[in-house]
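Notes to accompany the following structure.
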Amino acid sequence: MQGKMMSADTVNGAISRSSLLLGEYPDGSAISSPVLVLKGRRPGRVLWVQACVHGTETVGPLAIHRFLKSVNSEAIEGTVICLMLANPLAYRQQTRLTPQDGANLNRVFPGRSGGSISEQIAYRCFSEALKRADALVDLHSGGDHLWCCFHALFRNDGSSSGEVSERMARNAGTQRLCNLPPDLFSGSALRAFAAAGKPAVLIESGGGARVTESDIDNEVRAIAGACRALGILLDEPTAFASSAVIGSDLKILVASRGGIFCTGVTPGHDASVGEELGYIVDLHGDIVERFVCHSRCWLAAIRRPYMPVFAGDDIAELVVVP
Ligand SMILES: [Zn+2]
């Protein structure tokens, strides 16, 4: 059964339930994820939607539930396969990383069949997705530590799958888009899909250790938008974010000092050159590090305000506007 979808009796026009085996616990029981499959009345493209690559990012599964409840299957031409927990180990422990090997699952795709537990999970997840689907939507949030604005990341290298990736992102329902530079986030599911010649988009909304209704609604819009861009959902014309200013690079600010992170800005903020985005105060009350914006950008993610940080922790993700 390894790597196979279990009991996936899909019925046309309905949502079927199954699970995907991703590994084994020491007692031999299955490390598996629930799977929901929406199959339309007519055949068509297949979209793979996955959530909880990082265990604390629960906006993804909630958005999938809401999407599947709201969508009219009569308007579906094709199939939407939803993997609810790409990283069941991190979800159970409520951690971003896999507790057993400390790996970030979104840096080990396409995985290895003989690798660490995270690499094996990535391998099984990716093999199944690649075999079954034409495109990927990867649902994320800032989790417990970071807080993200609603944005979409993709890679358009000029290839046909790159063009479709951009179309999916432009249909996500946000003006905040970034065409990733070639070397960023290698080992992500998005990169692995792109390398295999299939379109992919990564969606972020919310975080900071909570999920809001608007975060869920944002990701519902992004799933529906991807389905429209692929010709899977035929309920209304595609709504391209034609006026979006697409970011061309993504910079990650990292703390070089330890202390408490303080900020007055929120994700989605348009920052100007020289603007201070926050600072670290030590336990004597002295400001020991300031974070300043060096190019025109918008704030994709920022560390939860007043959170203690280690030197080396990510503080913010800035999308550089050309
Ligand atoms: Zn994530």
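A quick note: this is a predicted structure, and the numbers were derived from the prediction, not measured. First listed ligand is number 1; within each ligand, the first listed atom is number 1.
Using a cut-off of 4.0 Å between Lys/Arg side-chain N and Asp/Glu carboxylate O, Arg155 and Asp157 are scored as not salt-bridged.
When distances to the Zn ion (ligand 1) are checked against a cut-off of 2.8 Å, Glu57 contributes an N, O or S atom below that limit.
Nearest N/O/S atom of His54 relative to the Zn ion (ligand 1): this is ND1. Minimum-distance N/O/S atom of His140 relative to the Zn ion (ligand 1): ND1.
Residue Arg304 qualifies as enclosed at atom CZ: its count of foreign heavy atoms under 6.0 Å is above 12.
For the pair Ile232 and Ile76, the minimum side-chain heavy-atom distance is below 4.5 Å.
Under 3.5 Å, the side chains of Thr212 and Ser214 contain a donor-acceptor pair of N or O atoms.
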